[in-house]
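Input: a single structure, listed below in structure tokens.
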Amino acid sequence: MSKFGFTLLHTDKNSGARTGILHTPHGDVLTPMFMPVGTLATVKFVSPEELTAMKAGVILSNTYHLWLRPGEQVVKAAGGLHKFMNVDRPILTDSGGFQVFSLADSRKITEEGVTFKNHLNGDTMFLSPEKAIQIQNDLGADIIMSLDECPAYPSTHNYMKASVERTLRWAKRGKEAHQNENQALFGIVQGGDYADLREHCAKALVDMDFPGYSIGGTSVGEDKATLYRMIDHSIVHLPTHKPRYLMGVGSTDAILEGVLRGVDMFDCVLPTRIARHGTLMTSEGRLNIRNAKNEMDFGPIDPQCDCYTCQNYSRAYLRHLIRCDEGLGQRLLSIHNLRFLIKLTEEVRQAINEDRFTEFKDAYFKKHHLNSVNSRGF
RNA sequence: GGGGAGGUAGCGAAGUGGCUAAACGCGGUUGACUGUAAAUCAAUUCUCUCCGAGUUCGGCGGUUCGAAUCCGUCCCUCCCCA
């Protein structure tokens, strides 16, 4: 019997927001949750101990990148991704589908799979739905993804329809290739901004009966209103007793909008990337630590924050570290941003459980001057 | 004392008569970043009432239609030999 499962705890009385427990072979985690991204088997600059301290749930890694380096056989020989990177918490691997999009300059998609020219040495490589599963089986993550195509936005209805059909065939092939019941394989809903294609894709995936469903094709340059429509068009066709994962979304406004619609899982490079570049998420909004105004500010990044960085370091010191390109600065800022989003989801869960999520979301949007159309919550 | 090299914007450094308010790098300032080819990328960095105008290339004085670039002179720095 699979060690994976999802328990729905409570659904907000006034919205689709819900709390739940994701059960995995490496422990239970509460949803909604934000999942830090560690593409190359490391959340850049952040140690597993630090992830534990900030109460991170699942962390992500990437099939495409680990396939190229060090190679899935190395990870398998190490005893799997958990042992390899000394992480004793649930791990999710993306399928490489997004790289089809982000490396579009050197790829060719056929029915059989995707031919890449890899970015490290230019070697031609071939990734099929079955290969993506084999690699992810070897990596050994708790949650794995079907190989999908993540088309550019916007794409024509014709192209998107063909792409969705192919993604569905790939999902079926991947599901048939996947035999490890301790790894939960998620299907990915595509279809761009087309309601009919989202519906078709979602229903077809549900018919295949996956343990969880991802909403993909997001964070590819569409505006916020479109993103929310994509969620709406997908999520109504997904079963309530299975987890929903919105891929690649990590701005605060989009997370809250996603939760409102019933999304349980989010991942994004945003908090860690902008942290390395000196931008911080705070209860008062965006803060660029490099700004001259922080030179003599010996207070914390955010007085409301309980993270390790805010408990121990000043803005002036962090500004100094970032300006000097010191790794400790990138690490401390990454810790803060990740904890900021994780803490936000903790507050979200509490609000849902108390049936006041819409009030919580409205108050947050009002405070940060956000809206549901085109705002930028970082 | 003798010989040599050189002084260009915050720093380093190109430029040797007009296309130069002056390349480029660093530093400074600001911005971007959403299933990570990202410790990356972009803008800006003499002054002003910023369309446009004004004052710059050690100082002063010349030559020239025109000078950071040529000439004279003064000041300063560095190196080698005594």
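None of these values were measured; they are calculated from a predicted model. Order of the sequence lines sets the chain letters (A, B, ...), proteins ahead of strands, with each chain counted from 1. Every heavy atom of this structure was used, including side-chain atoms; hydrogens, water molecules and symmetry mates were not.
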With a cut-off of less than 4.0 Å, is there a side-chain N or O of A/Arg290 near OP1 or OP2 of B/rU30? no
Which ones in residues 370-378 of chain A lie close to RNA chain B, meaning a heavy atom under 4.0 Å from one of its atoms? A/Arg376, A/Phe378
Check each residue of residues 17-47 of chain A for a non-hydrogen atom within less than 4.0 Å of any atom in RNA chain B, then write out the ones that pass by number, or none. A/Val37, A/Thr39, A/Lys44, A/Phe45
Looking at A/Ser102, I'd like to know whether one of its side-chain N or O atoms comes within less than 4.0 Å of OP1 or OP2 on B/rA37. yes
Regarding A/His237 and A/Tyr213, do their side chains bring together a donor and an acceptor under 3.5 Å, going by distance alone? no
Would you say that A/Tyr245 contacts A/Leu92 through its side chain, given a criterion of any heavy-atom pair below 4.5 Å between the two side chains? yes
Considering only heavy atoms, which members of residues 204-234 of chain A lie under 4.0 Å from some atom of RNA chain B? A/Gly217, A/Ser219, A/Lys224
Given B/rG28, is OP1 or OP2 found less than 4.0 Å from the side-chain N or O atoms of A/Arg323? yes
Is there a donor on the side chain of A/Thr272 or the base of B/rU36 sitting less than 3.5 Å from an acceptor on the other? yes
Return no unless some side-chain N or O of A/Arg286 is found under 4.0 Å from OP1 or OP2 of B/rA32. yes
Looking at B/rG35, does its base get a donor-acceptor pair with the side chain of A/Asp148 below 3.5 Å? yes
Okay, side chain of A/Ser163, backbone of A/Tyr159: is any donor-acceptor separation there less than 3.5 Å? no
Does A/Asn62 put a side-chain nitrogen or oxygen below 4.0 Å from OP1 or OP2 of B/rU36? yes
Examine A/Lys224 relative to A/Tyr228 and say whether NZ or CZ is less than 6.0 Å from the centre of the six-membered ring and inside a 45° cone about the ring axis. no
